[in-house]
Each structure stands twice: as structure tokens, then as C-alpha cells.
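Below is one structure, written out as C-alpha cells, with a few remarks after it.
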Amino acid sequence: MFDVKRIRADFPILNRKVHDKPLVYLDNAATTQKPRQVIDALVNYYSRYNANIHRGIHALAEEATMAYEHVREETAQFIHAPSSRSIVFTRNTTESINLFANAWGRSNLKPGDQILLSEMEHHSNLVPWQLIAKATGATLAFVPVTDEGRLELGALDRLLTPRTKLVAITHMSNVLGTINPIADIAQAAHRVGALMLVDGAQSVPHLPVDVQRLDCDVLAFSSHKMLGPTGVGVLYAREELLESMDPFLGGGEMISDVQLTASTWNEIPWKFEAGTPNIADVIAFGEALAYLHRAGMSAINAHERELTGYLLKRLSEVDGVTLYGPRQLSERGGAVSFNLNGLHPHDVGTVLDAEGVAVRAGHHCAKPLMRHLEVAATVRASVYLYNTTEEIDRLIEAIRATQAFFARSAHAKV
Ligand code: PLP
């Protein structure tokens with residue numbers, strides 16, 4: 001059985017109070033909390049074997065290198081990548097996408113080529129492509145979003161042409177919660193000879209993800225959204241693709257030989273990891289992966305589905321709530337956006353915070369999607385493995401308190 005109580009006991013921060021109320025943390029799509037196993041791994045590394053990796057021949061360097069490279073193996077296994085040579089450590093999803101956009105895009109795109117994105121992309125999977133399009137003369141096209149918050153897949157026939165060189169789409173929307181049918185999109189992309197890049201920032205933490213089943217060529221995600229530390233991202237790309245690409249950053253570690261005027265490159269994946277990497281945080285990320293693996297990604301997903309169903313039901317019972325995104329639980333994850341009639345999302349977020357409930361209010365780095373929804377911002381509650389239905393009840397109580405608070409202030413002003 002999925003033992004939430006036991007899981008919660010591993011997260012010290014969940015015991016704290018905010019404004020004298022027990023914390024209800026529902027901002028998991030922004031970043032997640034860390035279990036003590038991850039925190040301990042950081043302390044252990046700095047207390048016992050802090051050293052620079054790959055280059056040293058002393059015991060500490062050896063231990064640190066082994067631990068760092070072991071996490072590369074664990075990461076490959078976590079997403080079912082055929083080899084750890086396909087795993088590049090970066091700082092976050094944003095850097096992973098920028099790395100690929102630059103290292104692949106600059107030498108593979110030319111005027112007239114097309115990059116196909118969607119209207120629901122996070123700025124991280126939009127702005128890098130705008131920059132690369134500008135640099136190479138390629139153009140951008142977009143899969144539209146329907147009123148129900150799904151991708152309009154019927155448009156793919158029209159949008160995918162032999163000019164399409166890359167399809168870059170999010171697996172799960174950070175605003176609508178929509179889970180996109182990546183395997184189908186990848187198949188359609190490959191039919192016209194395009195590569196498929198998946199923004200997995202919101203999916204890898206919450207669903208079992210298998211890059212071979214998805215048949216994607218590239219996948220990007222962040223440690224901090226899956227119980228790990230900030231400052232670690234992952235770029236998965238098929239080995240042949242990484243082999244064929246030039247480096248993104250130049251410097252130490254990524255070279256095989258250096259002359260005064262030219263250099264040759266290290267093997268993959270090190271060719272893409274210039275300079276001293278984020279050793280401590282990568283090692284602690286390994287503990288996060290192990291934690292998720294022990295809890296079981298299918299069990300986590302089932303728990304989140306239950307919470308999401310409960311959250312959607314309770315929210316729809318509140319007067320004046322507008323919900324965004326699909327209602328079908330099979331088509332969505334646990335990032336739930338909503339607005340309260342007549343109230344600014346930032347005001348809602350502030351009053352919820354006063355009640356000890358942490359949610360996000362804003363454009364969620366998805367301004368084009370906000371325009372499509374015809375709102376400036378939304379409130380977003382997002383769940384993870386340690387959340388409970390009781391916490392959702394606290395959110396709903398706090399929402400009702402917010403509505404009552406603003407109704408009283410409006411009344412007082414008259
Ligand atoms: N893509 C999606 C769908 C996201 O939700 C996020 C973060 O919220 C990102 C990309 C960017 O992640 P990071 O800030 O870790 O680079």
C-alpha cells in the first residue's frame with residue numbers, strides 16, 4: 001500500500017508552520033520538497049568525500065567520480081535509456097533545451113526549415129527556439145490548443161511537412177496538466193523525417209517515462225522537480241545524435257586534446273559537460289531517483305490521480321471557480337489551474353499563503369498560453385507523492401476564506 005504518512009515523515013519541511021498554520025505545500029510543479037535522504041547525501045558528500053571528479057588520482061576523487069557516474073547510470077535506468085552515454089547533466093530543463101537547440105540547431109537548421117512547437121509550451125521550450133530560428137533562418141510553427149486544453153492533433157497533418165526538422169513539445173503542461181500523446185506525435189514527426197524533443201519537466205517526476213516507448217529522440221527534465229536538489233538538469237539524447245553534435249560550451253573536461261588553435265572533443269556524454277559539474281547535487285539527485293524508484297512511479301501516479309480527482313471535484317463545488325485544462329483523469333496530471341470570479345490570482349495566492357497554503361499565482365512562464373486562455377494569470381495547485389486529501393480540504397477551506405475576506409472588504413468599501 002502507498003503509505004503517505006510514512007513518506008511525509010521523510011520530509012522535514014512538511015512539519016513546519018507558515019504564519020502559525022501547518023504548511024500545506026501545493027506548489028510542486030514549481031519545485032518539490034526534499035526528503036532527508038537527499039539532504040543527508042549532500043551533507044555526507046561534503047563531510048566525507050568532496051573532491052573534483054574525473055581528473056584526480058586520490059581516493060576522494062575516485063569516490064566522488066564513482067558516485068557521480070553511478071547517478072548517470074541510475075538516470076538512464078529511470079527513463080529506460082539504452083545507455084548512460086545518452087545522459088548529459090546540465091543545470092536544469094531550460095539549460096538542457098538550450099544546449100540541444102544550440103549544439104544541434106545551429107548546424108542542422110537552415111532558412112526554410114521548420115521547428116514545430118505547441119501553444120502550451122513553457123518559455124523554456126519556446127524562447128530557445130525563437131533564438132535559434134533567428135540565428136538560422138528557420139521558422140516556427142505551433143500546434144494549437146483546443147478549448148478543452150488539449151493539443152489539436154488533427155492539425156498535425158497540415159503542420160508536419162518535409163520542411164519540419166524538429167518537433168519540440170511538452171509531455172505534460174505545467175498550466176493545464178494536460179498529458180500529451182507523445183508516442184503518437186513522435187511517430188508522426190518521424191514519418192516526415194523530423195526529430196522529436198520532449199520537455200519532460202512535468203512528466204518525468206510524476207509518470208513512469210520510457211524514452212524507448214515514447215520513441216523520442218531528446219528528453220529534458222530537472223532534478224529539483226523530482227525531490228532532488230536545484231542546479232541539476234538532464235538532457236537525454238539518442239547516442240548517434242549526441243555523437244553527431246558539436247559541443248555547446250568549451251573548456252576543461254569536454255576535450256580530448258587541445259592545441260593552441262584547435263581542439264578535439266572528449267567522448268559523449270562528457271563532450272557536453274564543460275568545466276567542473278555540480279558534483280554534490282548530482283550525487284544527491286541519485287538519492288531522489290532511488291527514493292522515487294522505491295516508492296514506485298506507478299504507485300506515485302495512482303496516488304496523484306486520486307488527489308487530482310479529489311481536487312477537481314472539490315474545486316468544482318466552489319461557486320465562482322473557473323477550471324482550466326482537461327477533466328478526464330486519464331488525460332491529465334496533478335497541476336491544476338483555476339481562477340476565482342472577480343479576484344486577481346495574486347490576491348488569491350496571498351490570502352492562501354496567510355492560511356498556510358502554498359500555491360502559485362502568475363503566468364507560469366507560459367504567456368502565449370495565458371493569452372490563449374484570455375487571462376493574465378491563474379492560480380495553480382499542484383500535488384506530489386506526499387500530499388493528502390486532508391491538505392486539499394485545507395486548500396478548499398482557505399479558498400472559501402479568501403472569497404469571504406474579499407466579499408467583506410468589498411462590502412466595507414461601499
Ligand atoms: N518546462 C516545463 C513544462 C516546466 O514546468 C518548467 C518549470 O516550471 C520548465 C520547463 C523549466 O524548468 P527549469 O526551471 O527547471 O529549467
Problem set entry | Contact summary for Glu391 and Leu23, nearest pair of heavy atoms | OE2-O, 3.9 Å
Exercise. Under a 4.5 Å cut-off applied to non-hydrogen side-chain atoms, are Asp27 and Arg380 in contact?
Worked result: yes
Exercise. Got a donor-acceptor contact below 3.5 angstrom from the Lys225 side chain to the Ser223 backbone?
Worked result: no
Exercise. Can you check whether Gly362's main-chain N or O pairs, donor with acceptor, with His364's side chain at less than 3.5 Å?
Worked result: yes
Seminar exercise, completed: Heavy atoms of Gly228 and Val38 approach each other most closely as CA-CG1, 4.4 Å
Problem set entry | Pairwise distance CD1(Ile300) to CG(Leu385) - rounded to 0.5 angstrom | 5.0 Å
For this session: Report yes if the side chains of Val318 and Gln403 come closer than 4.5 Å at any heavy-atom pair, otherwise no.
Result: yes
Exercise. Using the ring of each side chain (for Trp, its six-membered ring), is His346 parallel, tilted or perpendicular to His344, with breaks at 30° and 60°?
Worked result: parallel
Exercise. Using 4.0 Å as the upper bound for N to carboxylate O, is an ion pair formed by Arg72 and Glu69?
Worked result: yes
For this session: Over all heavy atoms of both residues, which pair between Arg106 and Ala135 is shortest? Give the atoms and the distance, please.
Result: NH1-CB, 3.7 Å
Exercise. Are side-chain heavy atoms of Lys110 and Asp113 found at a separation under 4.5 Å?
Worked result: yes
Exercise. Does a sphere of radius 6.0 Å around CD in Glu240 hold more than 12 heavy atoms from other residues, nucleotides or ligands, not counting ones at 6.0 Å or beyond?
Worked result: yes
Exercise. Should the ring pair Tyr49 and Tyr45 be called parallel, tilted or perpendicular, given that the plane angle runs from 0 to 90° and is split at 30 and 60?
Worked result: perpendicular
For this session: Please check if atom CD in Gln37 has more than 12 non-hydrogen atoms from other residues, nucleotides or ligands closer than 6.0 Å.
Result: yes
Problem set entry | Test item: Phe285 and His224 side chains (from C-beta on) under 4.5 Å apart, heavy atoms | no
For this session: With the side chain counted from C-beta on, respond yes when Glu253 and Ile53 share a heavy-atom pair under 4.5 Å apart, and no when they do not.
Result: no
Problem set entry | Donor-acceptor pair, side chain of Lys165 and main chain of Leu195, under 3.5 angstrom | no
Problem set entry | Ionic contact status for Lys313 with Glu317, cut-off 4.0 Å | yes
For this session: Would you please indicate yes or no on a ring centroid separation below 6.0 angstrom for His171 and His206?
Result: no
Exercise. Hey, is the main chain of Val357 close enough, under 3.5 Å, to the side chain of Arg394 for a donor-acceptor pair?
Worked result: no
For this session: Go through the steps to decide whether Glu121 and Ser118 satisfy the test side-chain hydrogen bond (donor to acceptor under 3.5 Å, both in side chains), and finish with yes or no.
Result: CA-CA 6 Å; Glu121 297 313 310; Ser118 90; 2.6 Å; yes
Problem set entry | Where Met245 and Leu99 come nearest, the two heavy atoms and their spacing | CE-CD2, 4.5 Å
Seminar exercise, completed: d(Asn387 CG, Leu311 CG) to nearest 0.5 Å is 9.5 Å
For this session: Indicate yes or no for a side-chain donor-acceptor contact from Thr90 to the backbone of Asn92 under 3.5 Å, with no hydrogens or angles considered.
Result: yes
Problem set entry | CG on Leu369 to CG on Leu126, rounded to 0.5 Å | 11.0 Å
Exercise. Would you say Asn108's side chain and Trp104's backbone share a donor-acceptor pair under 3.5 angstrom?
Worked result: yes
Seminar exercise, completed: Closest heavy-atom pair, Gly334 versus Thr308, reported as atoms and distance to 0.1 Å, is CA-OG1, 3.3 Å
Seminar exercise, completed: The side chain to side chain donor-acceptor pair (under 3.5 Å) partner of Ser222 among Thr31, Thr230, Thr93 is Thr93
Exercise. Does any N or O in the side chain of Thr146 come within less than 3.5 Å of the main-chain N or O of Glu152, such that one atom is a donor and the other an acceptor?
Worked result: no
Exercise. Taking everything shown except Asp257 itself, do over 12 heavy atoms lie less than 6.0 Å from its CG?
Worked result: yes
Seminar exercise, completed: For residues 280-297, the side-chain hydrogen bond (donor to acceptor under 3.5 Å, both in side chains) pairs (sequence neighbours left out) are Asp10-Tyr291, Asn278-Asp281
Problem set entry | Output field: ring centroids Phe11/Tyr25 closer than 6.0 Å | no
Exercise. If you measure only the distance, is there a donor-acceptor pair under 3.5 Å linking the side chains of Ser84 and Glu73?
Worked result: yes
Exercise. Does Lys271 reach the main-chain N or O of Glu243 with its side chain, forming a donor-acceptor pair under 3.5 Å?
Worked result: yes
For this session: Flag the pair Val383 / Tyr310 as yes when at least one side-chain heavy-atom distance between them is below 4.5 Å, and no otherwise.
Result: no
Exercise. Would you say Ser382's side chain and Ala29's backbone share a donor-acceptor pair under 3.5 angstrom?
Worked result: yes
Exercise. Would you say Glu304's side chain and Gly333's backbone share a donor-acceptor pair under 3.5 angstrom?
Worked result: no
For this session: Can you see which heavy atom on Ser298 is nearest to which on Pro208, and at what distance?
Result: OG-CG, 3.7 Å
For this session: Decide yes or no for Val211 and Cys216: does some side-chain heavy atom of the first lie under 4.5 Å from some side-chain heavy atom of the second?
Result: yes
Exercise. So do the side chains of Glu239 and Ser86 get within less than 4.5 Å of each other, counting heavy atoms only?
Worked result: yes
